[in-house]
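Written below as structure tokens is the structure these notes are about.
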Amino acid sequence: MGIIGVDKKPSTAFRKADLFDDPSGVLWHERRPYLALPLCPCGDPMTWFSDNALLVQTVTSIVTALIWLVYLQLLLSGVRRQRRPTLSMNRGSGEGMDAKVILSNLGYEPIYVQDVLVTMDIEGDGESTHYVTDRRELPEEEMSEGLSGTTQGPMTAGDYISLGSVRGILQRAAPNYNTEQLPGLNKVTFTVLGTGQKPAGARKTYHVISDDQSIKHLQPQSLDTRMLSPRQCRRIRHRQGSDV
């Protein structure tokens, strides 16, 4: 480590040439004693950079590449998040069995709803899944009016549709039962399958709150709607078959 000499009495200034008289980096003043203070360990910075230009260039290139990789990752994450379908199922207007089940498209891309399924967990019978895409509980004249008799159809970004009332959905799933008094019904799971850039789907489970006489209302198991991956959507279609 180089050092520089400083007079105890700052009456005599060093000449500029004296800074490089001693190759070892230690300066000796011939006439007066001095105090030793450290210099930069690398000596002249410009000389060090000149001697290690290749190393400096390599490190700079690596750091620049890492910064660009981070920016690229952030950009791709933003694009992927925008193109990822996001569906939400919630209870709409109405109380108890008359409450509407609302499906909303919260993503940036449009989606076409193809199938709606409901899975009923009945004590003693286990789970059974049924297609409830067509709103068969509606009068025949309404069923024949375009898409009003079905839950199929396109949804733009920010759009929403009604899947029907809780009573109507259960009537479609179990037409031979009195849906007001389904014995042993513990849980109901709604599943929506659609397509956009790729298969998409969503699922939400509700606990059935009832007394000895009838079903009171449905309580969501979770506030969030679970999104299904394309692979899960294909597996459900393969297991349940097509409703077309």
Side-chain angles (χ1 to χ4, degrees), residues 73-120 129-138 142-173 187-208 217-244:
Q73 179 65 27
L74 293 176
L75 179 62
L76 291 178
S77 298
V79 173
R80 191 180 299 111
R81 185 168 54 251
Q82 290 182 356
R83 301 191 64 179
R84 182 186 305 147
T86 304
L87 298 173
S88 176
M89 277 186 282
N90 291 287
R91 196 191 71 175
S93 61
E95 295 292 336
M97 295 290 289
D98 294 322
K100 301 293 190 300
V101 180
I102 304 299
L103 175 68
S104 305
N105 180 15
L106 304 182
Y108 290 90
E109 297 289 334
I111 187 172
Y112 187 90
V113 177
Q114 292 179 319
D115 298 304
V116 179
L117 300 90
V118 60
T119 301
M120 299 188 300
T129 302
H130 310 270
Y131 279 98
V132 292
T133 307
D134 295 332
R135 304 188 62 179
R136 292 185 289 269
E137 77 277 8
L138 297 178
E142 295 185 24
M143 289 282 294
S144 60
E145 296 179 2
L147 295 176
S148 62
T150 181
T151 54
Q152 285 188 352
M155 294 178 63
T156 59
D159 198 4
Y160 66 92
I161 60 173
S162 172
L163 302 181
S165 66
V166 175
R167 177 184 288 105
I169 295 175
L170 294 181
Q171 286 177 354
R172 289 177 242 162
K187 290 190 301 183
V188 176
T189 300
F190 301 105
T191 303
V192 175
L193 302 178
T195 182
Q197 298 289 339
K198 53 187 178 181
R203 174 177 289 170
K204 193 165 186 177
T205 299
Y206 291 83
H207 291 288
V208 176
H217 64 276
L218 302 182
Q219 181 178 355
Q221 183 176 346
S222 174
L223 294 178
D224 298 328
T225 302
R226 176 189 171 192
M227 294 301 301
L228 302 177
S229 66
R231 183 177 180 181
Q232 290 174 318
C233 294
R234 288 189 289 265
R235 187 183 301 130
I236 293 173
R237 284 200 174 98
H238 178 74
R239 183 173 61 248
Q240 297 297 327
S242 177
D243 192 35
V244 179

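Atom set for the values below is all heavy atoms of this structure, side chains included, hydrogens, waters and symmetry mates excluded. Start at 1 with the first residue, then count along the sequence.
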| field | Val118 to Ala173 - nearest heavy-atom pair and separation | value | CG1-CB, 3.3 Å
| remark: Looking only at heavy atoms, the pair that brings Ala157 and Tyr108 closest together is CB-O, 3.8 Å
Partners passing side-chain contact (heavy atoms from CB on, under 4.5 Å) against [X] (at least two apart in sequence or in another chain):
{"X": "Leu76", "answer": "Leu72, Arg80"}
{"X": "Ala202", "answer": "Leu87, Met89, Thr225, Met227"}
{"X": "Lys100", "answer": "Ser93, Ile102, Ser162, Ser165"}
{"X": "Pro220", "answer": "Lys204, Tyr206"}

Side-chain heavy-atom pair [X], [Y] within 4.5 angstrom cut-off:
{"X": "Ile169", "Y": "Leu163", "answer": "yes"}
{"X": "Val188", "Y": "Leu170", "answer": "yes"}
{"X": "Gln219", "Y": "Val208", "answer": "no"}

Measure the spacing between [atom1] of [X] and [atom2] of [Y] and express it to the nearest 0.5 Å.
{"X": "Arg226", "Y": "Ser222", "atom1": "CZ", "atom2": "OG", "value": "11.0 Å"}
{"X": "Gln232", "Y": "Arg234", "atom1": "CD", "atom2": "CZ", "value": "10.5 Å"}
{"X": "Thr150", "Y": "Asp115", "atom1": "OG1", "atom2": "CG", "value": "9.0 Å"}
{"X": "Ser88", "Y": "Leu103", "atom1": "OG", "atom2": "CG", "value": "8.0 Å"}
{"X": "Asn90", "Y": "Leu223", "atom1": "CG", "atom2": "CG", "value": "8.5 Å"}

| Among all residues two or more places apart in sequence or in another chain, which pass the side chain to side chain donor-acceptor pair (under 3.5 Å) test with Thr86? |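 Once residues adjacent in sequence are excluded, Thr86 has no partner under the side chain to side chain donor-acceptor pair (under 3.5 Å) criterion.
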| Going through the checks in order, is the side-chain contact (heavy atoms from CB on, under 4.5 Å) test met by His130 and Arg172? | CA-CA 8 Å; His130 310 270; Arg172 289 177 242 162; over 6 Å; no
| query | Quick one: salt bridge (charged side-chain N to carboxylate O under 4.0 Å, His left out) partners of Asp98, sequence neighbours excluded? | reply | Arg167
| message | Strictly distance-based, threshold 3.5 Å: is any side-chain N or O of Gln152 a donor or acceptor partner for the main-chain N or O of Gln114? | response |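 A pair under 3.5 Å: yes.
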| request: Kindly say whether Val116 contributes a backbone atom to a donor-acceptor pair with the side chain of Thr133 at under 3.5 angstrom? | output: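 Indeed, once roles are kept as given, a pair shorter than 3.5 Å links the two residues.
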| said: For a side-chain contact (heavy atoms from CB on, under 4.5 Å) check, start with the C-alpha distance between Met155 and Ile161, then their side-chain angles and the critical distance, and finish with the verdict. | reply: CA-CA 8 Å; Met155 294 178 63; Ile161 60 173; 4.1 Å; yes
Listing, residues 189-200 side-chain donor-acceptor contacts under 3.5 Å, not counting sequence neighbours, or none:
unit_1, atom_1, unit_2, atom_2, d
Thr189, OG1, Thr205, OG1, 3.0
Thr191, OG1, Arg203, NE, 3.2
Gln197, OE1, Arg83, NH2, 3.3

